Number of protein chains: 2
Amino acid sequence: MPLLDRHGVAGLTMRRLAESLDVTATALYWHVTTKEDVLDLALDHIFGEVPMREPGPEWRDDVRALLRSWRDAMLRHPWSPALIGRPVLGPEVLARTEYLQSALSRGGLTDLELAVTTRLLANFVIGAALTEASRGDGDARRHITADYPTLSASGHLDPARWNDDVLFDAGLDAILAGRQR
Amino acid sequence: MPLLDRHGVAGLTMRRLAESLDVTATALYWHVTTKEDVLDLALDHIFGEVPMREPGPEWRDDVRALLRSWRDAMLRHPWSPALIGRPVLGPEVLARTEYLQSALSRGGLTDLELAVTTRLLANFVIGAALTEASRGDGDARRHITADYPTLSASGHLDPARWNDDVLFDAGLDAILAGRQR
DNA sequence: ACCTGAACACCGTTCAAGT
DNA sequence: ACCTGAACACCGTTCAAGT
């Protein structure tokens, strides 16, 4: 939905969507029962953009590749992370979760450890996409220097200091490091 | 804001908020320039509920305590996780981020590793709160059994099988485990 | 300094009616 | 089966005006 990418979730209007489809706004309600339905469909749809590559010999590489594309897809559609939660149950999402979980299984993870790692990875990716999608127009973060010594020394809020991509990849590696072979 | 807790972010209306304050809706615009301002204020405000306990001898315990309360606060106000991203820069949030980062410093983390771990932890907490806040009314997840073998075998979508709290704590421990003393 | 009232340009959604 | 038109009950926000 290019409408969402341009105007954000606040700018998506049933009337606007209808117009882009050359229909009346009320016509949409034959196909869909509520505006939330539209958002649910759009959300699940973008996960179709996340490729699930043929599983290779190194399961860690499969996991990394999947989760990088997962984050990329959300960053390409910055409205998406905030919508997550409701229908993390669309078919596209489920297929990718299955892929992730089976890769972890190949790594030897089972039971509690499998569940913990799946959640940890998924929630990390979602959290990362959510925070990164909205930062960017950051013009705040000034004179923080005085009040928060450790924070400003670490450059946590300085986008020039650390790159989002390397922090994400390193986080992924940290999670994957302590795991079974 | 009990209004938000009861009606969610969609149910918070300038008119409704005004009424609860015994004022006209238009009066609000003298104190605030836009509705988004109200949400930003409300969001930062709930992080004031997250206690920063006196740092103890075990830095890991400080981190765990902070992040558990952090997640708890967001789950008490389920509308909050989806709003994160814009002003993760309010004073309450900044104070907690500073606390977290200084605890990690006491643990011996510096530079890249400090930045990576801070992000990893923060994004995990946010992602967890976001996904957990909206699930709960899950009445989907049926006949998934057939199509996604690993997924359904793991009980990933079965709330009776794994408890959110233990998965969260275990995730936290997994992140903290591989780190400096 | 702080609030009201009227008004504007929108919303999502329902429903009878058309083809 | 699919769409239109009119209508309802709301929205956020602006602005002149009051105290």
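Remember, predicted model here, so these are calculated numbers, not experimental data. Numbered from 1 within each chain, the chains take letters A, B, ... in sequence-line order.
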Colleague: Any base atoms under 4.0 Å from A:Leu12, or only sugar-phosphate, or nothing? Heavy atoms, all strands.
Modeller: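 Sugar-phosphate contact only - A:Leu12 comes under 4.0 Å of backbone atoms but never of a base.
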
Colleague: With pairs taken as Watson-Crick or G-U wobble and both distances under 3.5 angstrom, which stems of at least three consecutive pairs involve DNA chain D?
Modeller: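 In DNA chain D, stems of three or more pairs: C:4-8 with D:12-16, C:12-16 with D:4-8.
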
Colleague: Report yes or no: does B:Tyr99 contribute a side-chain atom to a donor-acceptor pair with the main-chain N or O of B:Arg53 at less than 3.5 Å?
Modeller: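 Indeed, once roles are kept as given, a pair shorter than 3.5 Å links the two residues.
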
Colleague: Is there a path of hydrophobic side-chain contacts, each under 4.5 Å between heavy atoms, that joins A:Leu12 and A:Leu28?
Modeller: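 As far as the 4.5 Å side-chain criterion goes, A:Leu28 and A:Leu12 are connected within one cluster.
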
Colleague: Give me the atom names and distance for the closest heavy-atom approach of B:Phe47 to B:Val93.
Modeller: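 Nearest pair, atom of B:Phe47 first, then B:Val93: CD1-CG2, 3.3 Å.
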
Colleague: Stepwise, does the salt bridge (Lys or Arg N to Asp or Glu O under 4.0 Å) test hold for B:Asp173 with B:Arg64?
Modeller: CA-CA 8 Å; B:Asp173 288 345; B:Arg64 259 188 291 260; 2.5 Å; yes

Colleague: If you look at every strand shown and take non-hydrogen atoms under 4.0 Å, does B:Thr26 touch a base, only sugar-phosphate, or nothing?
Modeller: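 Since a base atom lies under 4.0 Å of B:Thr26, the category is base.
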
Colleague: Nearest heavy atom decides the nucleotide; on that basis, is B:Ala25 or A:Met14 closer to the 5' end of DNA chain C?
Modeller: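 Nearest-nucleotide comparison on DNA chain C picks B:Ala25.
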
Colleague: Do B:Val23 and B:Met14 sit in one hydrophobic cluster, given that two such residues count as connected whenever their side-chain heavy atoms are within less than 4.5 Å of each other, even indirectly?
Modeller: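 Yes.
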
Colleague: Grouping I, L, V, M, F, W and Y whenever their side-chain heavy atoms are under 4.5 Å apart, do A:Leu3 and A:Leu83 come out in a common cluster?
Modeller: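 Yes, because A:Leu3 and A:Leu83 connect within a single hydrophobic cluster, where side-chain heavy atoms sit under 4.5 Å apart.
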
Colleague: Please work out if B:Leu28 contacts a base, only the sugar-phosphate, or nothing of the nucleic acid, heavy-atom cut-off 4.0 Å.
Modeller: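 Result for B:Leu28 = nothing.
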
Colleague: Among residues at least two apart in sequence or on other chains, which ones pass salt bridge (Lys or Arg N to Asp or Glu O under 4.0 Å) with A:Glu19?
Modeller: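 Result, salt bridge (Lys or Arg N to Asp or Glu O under 4.0 Å) vs A:Glu19: none returned.
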
Colleague: Rounded to the nearest 0.5 Å, how far apart are CZ of A:Arg60 and CZ of A:Arg106?
Modeller: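 CZ of A:Arg106 is found 12.0 Å from CZ of A:Arg60.
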
Colleague: Which nucleotide of DNA chain D is the first, and which the last, in the 5' to 3' direction, to come under 4.0 Å of a heavy atom belonging to chain A?
Modeller: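 The footprint of chain A covers D:dA1 to D:dA7.
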
Colleague: Which sits closer to the 5' end of DNA chain D, A:Arg15 or A:Val23, going by the nucleotide each is nearest to?
Modeller: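 Going by which nucleotide is closer to the 5' end, it is A:Val23.
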
